[in-house]
There are 2 protein chains.
Amino acid sequence: MTESAQTASRQAQKERTRQLILDAALELSQTQGFAQISLRQVARHAGIVPTAFYRHFDSMDELGLALVEQSFSTLRRMIREAQRDPKVFDNIIDAAAQVLVETVKQSKAHFAFVARERVGGSEAVRRAIQHELDLFVSELAVVLARLPNIETWSSDDVQMVSRLFVRNMVSNAEEVVDMPDHRPDLEERIKEGARRQMRLIVIGFHDWKS
Amino acid sequence: MTESAQTASRQAQKERTRQLILDAALELSQTQGFAQISLRQVARHAGIVPTAFYRHFDSMDELGLALVEQSFSTLRRMIREAQRDPKVFDNIIDAAAQVLVETVKQSKAHFAFVARERVGGSEAVRRAIQHELDLFVSELAVVLARLPNIETWSSDDVQMVSRLFVRNMVSNAEEVVDMPDHRPDLEERIKEGARRQMRLIVIGFHDWKS
DNA sequence: TATTTGAGTGTACGCACGTTCACTCAACCG
DNA sequence: CGGTTGAGTGAACGTGCGTACACTCAAATA
């Protein structure tokens, strides 16, 4: 009998259930926000009994932290893939806007989770997200520092501009998350807005401190 | 006997209790977020019995909407006052950064409420806040449109730049809210960051579409 | 002054919650 | 193969919740 979950090593099965819990929590978060869903709701939605939850996470807070980790690793993977696309060298702004919207659309649930819990979540979850975003700002600053025009800036300035970009990325991601499905007009509008904002900032680069 | 709440017209007393409820909810929101506090917690903190809550609000959602209204009317009043300050004409950017930080510090609770519930709140509360912010963007756009350099822009461009400012205002307000009390160094840092961001955007203005 | 009104009380309800505990039974391992 | 391990079960608990209902008693009104 080649039943799906029938023949599975013990740890593989455990991993599968763990993922079911993560998926359930992510889906439930979309309508009500992670901070207001209950352990029992998650268990019910994952098809397990409430007590079984504890075999995988000590508390809802730990589940939240695991979701933060998963969300950011998804984001990093997507950015790494996007960087391999040759189009980004032609027009970095249009490419960035395109990648932003596409990436967020593709894993809406993760972005919605981060956007919401960044400010609305529990203390622990908020701190974890803030930490990841700070890391992100620093990573971007390294990339920016290598661009022409910027290589002479003070590292403080570069850090500031990096924060500006990440902040706008988060805001735009929020907009895409709130966007109803299948509305290419709205999507184009957000993309155009992101493009303009980036152009504005980049023009500011040019004359900065001159 | 000139007891405080002893002699009070009926509606004045009702108004006072209503305000006690609003204050209680606002204070409790600071630690846990409005979306996760209960009707009973609010009543307890306001010094009334849970059922008395219903004499003032039909539900926690209605209380949330009342808090949104109160928060934004506070904000508008402060901006109106700030506009009367002659210093804003000397250096609009430094003044804006100063006003932003001072205003947020002064009514931290209201800003914290808006910043959190904007994304983490219930559907109804989120929509109300988004609506108020949209109004704000439009109001600011009218002010901006009268500035030199900008009067020739398309209204779409002005709207975009207005969104950029409001978005950054929200982000900076978030930072001030998260700031621990009595840390003038951090405060100065945020102010300096806000100043730089605004300068960058303004420099962008200058060369826009040229 | 006699009557009405309505803000605030106190009890009681059914419900969902997080967590406990003793349990089953299949995969694992010596 | 026989004993051990541990993911998942199911019943039970105490707690806090939102809300209903009948109430009090002072201010408002006629």
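Throughout, a chain's letter reflects where its sequence line sits, starting with A, and its residues are numbered from 1.
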Atom pairs and distances, donor-acceptor, side-chain atoms in residues 27-39 of chain A, under 3.5 Å, two or more places apart:
from: A:Ser29; atom 1: OG; to: A:Ala25; atom 2: O; distance (Å): 2.6
from: A:Thr31; atom 1: OG1; to: A:Leu28; atom 2: O; distance (Å): 3.2
from: A:Gln32; atom 1: NE2; to: A:Gln41; atom 2: OE1; distance (Å): 3.2
from: A:Gln36; atom 1: NE2; to: A:Gln32; atom 2: O; distance (Å): 3.1
from: A:Gln36; atom 1: NE2; to: B:Gly120; atom 2: O; distance (Å): 3.2
from: A:Ser38; atom 1: OG; to: A:Gln41; atom 2: N; distance (Å): 3.1
from: A:Ser38; atom 1: OG; to: A:Gln41; atom 2: NE2; distance (Å): 3.4

| CA sep, side-chain torsions, deciding dist, call: A:Glu175, A:Ser171, side-chain hydrogen bond (donor to acceptor under 3.5 Å, both in side chains) | CA-CA 6 Å; A:Glu175 280 186 33; A:Ser171 296; over 6 Å; no
| query | A:Arg44 near the nucleic acid: base, sugar-phosphate alone, or nothing, with a heavy-atom cut-off under 4.0 Å? | reply | sugar-phosphate
Flag the pair [X] and [Y] as a salt bridge only when some basic side-chain nitrogen lies within less than 4.0 angstrom of an acidic carboxylate oxygen.
X: B:Glu123; Y: B:Arg126; value: yes
X: B:Arg196; Y: B:Glu192; value: yes
X: B:Glu174; Y: A:Arg118; value: yes
X: A:Arg195; Y: A:Glu188; value: yes

Separation of [N] [atom2] from [X] [atom1] (nearest whole Å):
X: B:Leu63; N: D:dG18; atom1: CG; atom2: P; result: 12 Å
X: A:Gln36; N: D:dC17; atom1: CD; atom2: C1'; result: 15 Å
X: A:Tyr54; N: D:dT9; atom1: OH; atom2: P; result: 15 Å
X: A:Gln32; N: C:dA16; atom1: CD; atom2: C1'; result: 13 Å
X: B:Ile37; N: D:dG18; atom1: CD1; atom2: P; result: 10 Å
X: A:Phe57; N: C:dG18; atom1: CZ; atom2: P; result: 15 Å
X: B:Phe53; N: D:dC17; atom1: CZ; atom2: C1'; result: 13 Å
X: B:His45; N: D:dC17; atom1: NE2; atom2: P; result: 13 Å

| query | Under 4.0 Å between a side-chain N or O of A:Gln41 and OP1 or OP2 of C:dC17? | reply |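 It does, given that an N or O in the side chain of A:Gln41 lies less than 4.0 Å from OP1 or OP2 of C:dC17.
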| remark: Nucleotide by nucleotide, nucleotides 3-12 of chain C touches protein heavy atoms under 4.0 Å in the pattern (B base, S sugar-phosphate only, - none) --BBBBBB-B
